[in-house]
Chemist: 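Can you keep this structure in mind? I'll have questions shortly.
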Amino acid sequence: MAIPASSPPSTNASFSGKVPAASPHEDSEAPARSHSSFWTRKRIIIVAGILLIIVVILAVVLPVIFLVVKPHETSSTGSRSGSGGSNPSSPTGATTGGDGSTVITENGTQFLYNNSFGGYWVQDPSDPFNNDARPNSWTPPLNTSWTWGTDKINGVNLGGWLVIEPFITPQFFQQYPTAVDEYTLSEAMRADTENGGIGQLEEHYETFISEQDIAEIAGAGLNFIRVPLPFWAIETWDTEPYLERTSWTYFLKVLEWARKYGLRVCLDLHALPGSQNGYNHSGRLAPVNFLAGNMGLANAQRSIYYIRVLTEFISQPQYVNLIPIFGIVNEPLVGVIGVDTITSFYLETYTMMRNITGLGTDHGPFIAIHDGFEPASTWYTLLRGADRLMLDDHPYLAFGGENLAPIAATGPQGQPGGTWPAEACNAWALATNTSQQNFGVTFAGEWSTAPNDCGLFLQGVGAGSTNPQCPTYVDWQNFNSSMKEGIMNFALASQDALQDWFFWTWKIHEAQNGTIGSPLWSYQLGLRNGWIPQDPRTSTGKCESLGTPQNLFNLTFLPWETGTPSSIPASSTSSFPWPPSTISGDVVPNSLLPTYTNTAPIITMPPGTFSGAPSSVTSSVDGWFDKSDTTGGVTAIVGCTYPDEYNGIFSVTPTVPCTGPTATA
Ligand SMILES: *[C@@H]1O[C@H](CO)[C@@H](O)[C@H](O)[C@H]1NC(C)=O
Ligand SMILES: *[C@@H]1O[C@H](CO)[C@@H](O)[C@H](O)[C@H]1NC(C)=O
Ligand SMILES: *[C@@H]1O[C@H](CO)[C@@H](O)[C@H](O)[C@H]1NC(C)=O
Ligand SMILES: *[C@@H]1O[C@H](CO)[C@@H](O)[C@H](O)[C@H]1NC(C)=O
Ligand SMILES: *[C@@H]1O[C@H](CO)[C@@H](O)[C@H](O)[C@H]1NC(C)=O
Ligand SMILES: *[C@@H]1O[C@H](CO)[C@@H](O)[C@H](O)[C@H]1NC(C)=O
Ligand SMILES: *[C@@H]1O[C@H](CO)[C@@H](O)[C@H](O)[C@H]1NC(C)=O
Ligand SMILES: *[C@@H]1O[C@H](CO)[C@@H](O)[C@H](O)[C@H]1NC(C)=O
Ligand SMILES: CC(=O)N[C@H]1CO[C@H](CO)[C@@H](O)[C@@H]1O
C-alpha cells in the first residue's frame, strides 16, 4: 500500500528553477526597481485622475450592461424571460441563464456557468418549484417526461458527502486513526470538542459539495445525480453516535440546486439500521444485522418506517419529477440475508410505498432494488408485475482479483487501454441487454475507471492493495498520454456497455498531505485532467468499434415496468410473507425475535424555507404526501429490552415473545 518515496517529486521549486524568469515576473519586478524615479508627485496625481475617470465610466456603464443588455441576452437564448431583478443569485436579477452566465452563490461568491451543450438553469425565488431547467439539449427538461430506453441516465454519485466513506474522505480517518467507519468516526469527533467535535461533519456537508459542483456536473453533459443518504438524516436512537438530522438540510439544498440546473435525482438510502452489508460505508463496519441476526427483523421494521417517511416526502408533487428514482437499500448482502427473505422485505416495502404513491406514471418514484451481489437473473422471476421496479447493479472490475494487464497500452483492436475497454464491453453490454429484456429498467448505480483496487483506504482503513502497479496508478499528476488515453477508452467502453449509469463518485477529498489518494474514482478529476470524456455521448458505438458485443436493446419496456398501473399476481406474493419465514443467524424461533411497535408520533421531514415565494405556493409543501397515511412511527415496545442494534446478542435469551403493555393494549 505504501507508495515508495522514489515517486518523482513535483515541487514548484524545481519548476521555477528550470524555467527562466517569465514575463509576469519581469512586469511585477520592473516598477519596483524604478520606484523612486518613476513615481513623482505629479505623475501620481495624473494617474490617480485617470483612474478616477475610469472608475466613474465603469460605474455608469456596467450597471447599464448588466441591467439592460444581459437580460435581453438571457431571455433570447434561454427558455423564458426573467422577471427582471427578482433573483438575488444573478447579478442581473435574471431567473434563467445559459453558457457564460454568472451565478452568485449563497455565500456571495460568484462563478461562471459553463455549459456548451445547450443547458440552462432556471431559478425564480417567487416560483421555487419551477421545473423548466434543462442540463443539455438532449435531456428532457424536468417538466417533461423521461422515456426509458430512449433517454439515458448519465450521472454521478455524490459519494462520501452525507454518508462518510473512508477512501472518499481519507483526511478524517488520518485525523482520527481509531475510526474505521462513520460510527467510530462520529464517536472520535464527539470526544474531540477542541477541534469542533461532531460539528466537523456539518462543516464537511457545507464545503464538500457546493452549488458550483452541481453546475459543473450539469455542464459536463450529465443529467442525473445519485445522492446517498443515511437513516440518521431522519433520526438517531439511544446510543447511536451519528450526527442526527443535520444532513437533511444539505439534502434539501442539493435538491434545489439539482432543480435549478435541470438534473434529476436518484435518492439512495445508503445506510440502514443494523447495517445491510456490514461494509464501512453502511454506517458501521460490523456483521449484517438488517434482516439477519436477532435484531434483523426489528432493524427491518425500522427501515421500512424510514423508507415510508422518505417516500412521503419525495412523492409530493413538488418533488415527484425531480426525484424519479428511490433506491431503497444500497448493496444489501443477499448472500447473508437470503433471496427469499429480502424479497419479502421488498414486497412489504413496495406495497407500503405504492399504497402511498398510487400506481403508474407520476405516482411517486421508480423503486430501485440492488442486485445484492447476486446474478441479475436471480431477480428476473421475482415480483413480476410490480409497478416501476428497477434493477441497480454496481459493476466494478477493480475488485475482481489482480489483473496486471497495463492500461497504458495499445489493445488488440489498435485502440488505447490495452485489454480493458473490450473487457468492459464483454462484461456488461450483453448482460445489460439481457436484464433489460428479462427484468426491465436496469442501471449501473455505481462504476469507476479503476482497473485495480489501488487507492488510499480504498479497501478500508488499515487495509491496502498488494497490487505492485499501485504507485503508477495513484500518481495521477504524472499520468502520461497513453495512460490518460487508456483510461479514457476504458471509461467510454464502460459507458457504452452500461447505457444508464452513475459514476462512483463525483469527487475524492484530498488526504491530509493534499494529494488525491484514489484518482480513478473521481469524475471531476478525470474530467479536468483528460481521462473522462467531456461529452458522454462520445461513448456511443465504442463497443462496436472494439468488435465486441454491443447493447442493441431497442424495445420498449413492458407496460408495468415503466408506468402502466399493474399488480403483482397473488401467486407471486404468497411465497413472500411478511415477516419473512427465515431470518439467518438468529438464535431463537422467529416468533421470539424482538420487534418494534407503531406507536410513536410520525416524523415528518421538513421542507426547506422559500422566503421569496407566496404562501400559496409553499403552504402545500408539508413533507407528507398521503394524508390518509396516519399509522404511527416505529418505536421500542415499552417494557421490552433489545439487544444491540449492530450485534443482536441477547443478554437473556427470550423464551416468550415480548409484546409489552403498550402493544397488547
Ligand atoms: C467556467 O469556466 C471559467 C473559465 O474557464 C472558470 O473560471 C469557472 O470556474 C468555470 N465554472 C465552473 C462552474 O466550473
Ligand atoms: C417546460 O420547460 C420548457 C423550458 O425548458 C418550457 O419551454 C415549457 O413551456 C415547459 N413546459 C411546461 C409544460 O411547463
Ligand atoms: C463559497 O461557495 C463556493 C461555492 O459555492 C465555494 O467554492 C467557496 O469556497 C465558498 N467560499 C467561502 C468563503 O465559504
Ligand atoms: C506511460 O506510463 C506508463 C505507466 O507508467 C508506462 O508503462 C508507459 O511506458 C508510459 N508510456 C510512454 C509512452 O511513456
Ligand atoms: C500523501 O499521503 C499518502 C497517504 O499517506 C501517501 O501515500 C502519499 O505518498 C503522500 N504523497 C505525498 C506527495 O506526500
Ligand atoms: C438486445 O435486445 C434487443 C431487444 O431490444 C434484441 O433485439 C437484441 O438482439 C439483443 N441483443 C443485442 C446483442 O443487443
Ligand atoms: C430502434 O428501432 C426502431 C424501429 O423499431 C428504429 O426506427 C430505430 O432507428 C432503432 N433505433 C436504434 C438506436 O437502433
Ligand atoms: C394502505 O394505507 C391505508 C391508509 O393509510 C391503510 O389503512 C392500509 O392498511 C394500507 N395498506 C397496506 C397494504 O399497507
Ligand atoms: C471492511 C470493509 O468494509 N471494507 C470496505 C470499505 O469500503 C471499501 C469501498 O469504499 C471497500 O472496498 C472495502 O471492502
Chemist: Compare every heavy atom of I583 with every heavy atom of A292, then report the nearest pair and how far apart it is.
Modeler: CA-CG2, 3.9 Å
Chemist: Provide the closest heavy-atom pair for T505 versus G159 in the form atom of the first, atom of the second, distance.
Modeler: OG1-N, 2.7 Å
Chemist: Ring centres of F479 and W476 under 6.0 Å apart?
Modeler: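 Centroid separation for F479 and W476: 6.0 Å or greater.
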Chemist: For F443 and W501, I'd like to know if the aromatic rings sit close, meaning centre-to-centre distance below 6.0 Å.
Modeler: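 No, ring centres 6.0 Å or more apart.
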Chemist: Answer with yes or no after comparing the ring centroid distance for Y305 and Y596 against a 6.0 Å cut-off, counting only values under it.
Modeler: no
Chemist: Applying side-chain hydrogen bond (donor to acceptor under 3.5 Å, both in side chains), can you list everything that pairs with Y306, at least two apart in sequence or on another chain?
Modeler: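 Here the qualifying residues are E235, R302.
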Chemist: Among residues at least two apart in sequence or on other chains, which ones pass side-chain contact (heavy atoms from CB on, under 4.5 Å) with A398?
Modeler: A450, W521
Chemist: Parallel under 30°, tilted from 30 to 60°, perpendicular over 60°: which one fits the rings of Y319 and F313?
Modeler: tilted
Chemist: Please work out whether the ring planes of W248 and F251 are parallel, tilted or perpendicular, with thresholds of 30° and 60°.
Modeler: tilted
Chemist: Donor-acceptor pair, S282 side chain versus N280 backbone, under 3.5 Å?
Modeler: no
Chemist: Name every donor-acceptor pair, under 3.5 Å, that has one atom in a side chain of residues 161-174 and the other anywhere in the protein, sequence neighbours excluded.
Modeler:
unit_1, atom_1, unit_2, atom_2, d
W161, NE1, Y205, O, 2.9
Q171, OE1, H509, ND1, 3.2
Q174, OE1, Q512, N, 2.7

Chemist: Would you say the ring centers of F290 and F345 fall short of 6.0 Å from each other?
Modeler: yes
Chemist: Using the ring of Y523 (Phe, Tyr or Trp, six-membered ring only), decide whether K507 places NZ or CZ under 6.0 Å from its centre and within 45 degrees of its axis.
Modeler: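 Verdict for Y523: no cation-pi partner in K507.
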Chemist: With no hydrogens and no angle check, just 3.5 Å: does a side-chain donor-acceptor pair link Y279 and E331?
Modeler: no
Chemist: Is there a donor in the side chain of D192 and an acceptor in the side chain of Y176, or the other way round, less than 3.5 Å apart?
Modeler: yes
Chemist: What residue pairs, at least two apart or across chains, pass side-chain hydrogen bond (donor to acceptor under 3.5 Å, both in side chains) with a residue in residues 254-272?
Modeler: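 Every pair satisfying side-chain hydrogen bond (donor to acceptor under 3.5 Å, both in side chains) with a residue in residues 254-272: Q123-K260, N131-R259, E211-K260, E211-Y261, R226-D268, E256-R259, D268-H270, H270-N330.
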Chemist: Between Q459 (side chain only) and G464 (backbone N and O only), is there a donor and an acceptor less than 3.5 Å apart?
Modeler: no
Chemist: Taking atom types as modelled, is there a side-chain donor on D453 or S465 under 3.5 Å from an acceptor on the other?
Modeler: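 Side chains of D453 and S465: pair found under 3.5 Å.
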Chemist: According to side-chain hydrogen bond (donor to acceptor under 3.5 Å, both in side chains), who are the partners of N223, at least two apart in sequence or on a separate chain?
Modeler: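 For N223, the residues satisfying side-chain hydrogen bond (donor to acceptor under 3.5 Å, both in side chains) (neighbours in sequence not counted) are T139.
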Chemist: For the residue pair E374 and G335, what are the closest heavy atoms and their distance?
Modeler: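 Closest heavy-atom pair between E374 and G335: OE2-N, 3.5 Å.
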Chemist: Is it the case that the side chains of Y242 and E182 hold a donor-acceptor pair, with the cut-off being a distance below 3.5 Å and no angle test?
Modeler: no
Chemist: Who are the side-chain hydrogen bond (donor to acceptor under 3.5 Å, both in side chains) partners of S494, not counting sequence neighbours?
Modeler: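 For S494 there are no side-chain hydrogen bond (donor to acceptor under 3.5 Å, both in side chains) partners, ignoring immediate neighbours.
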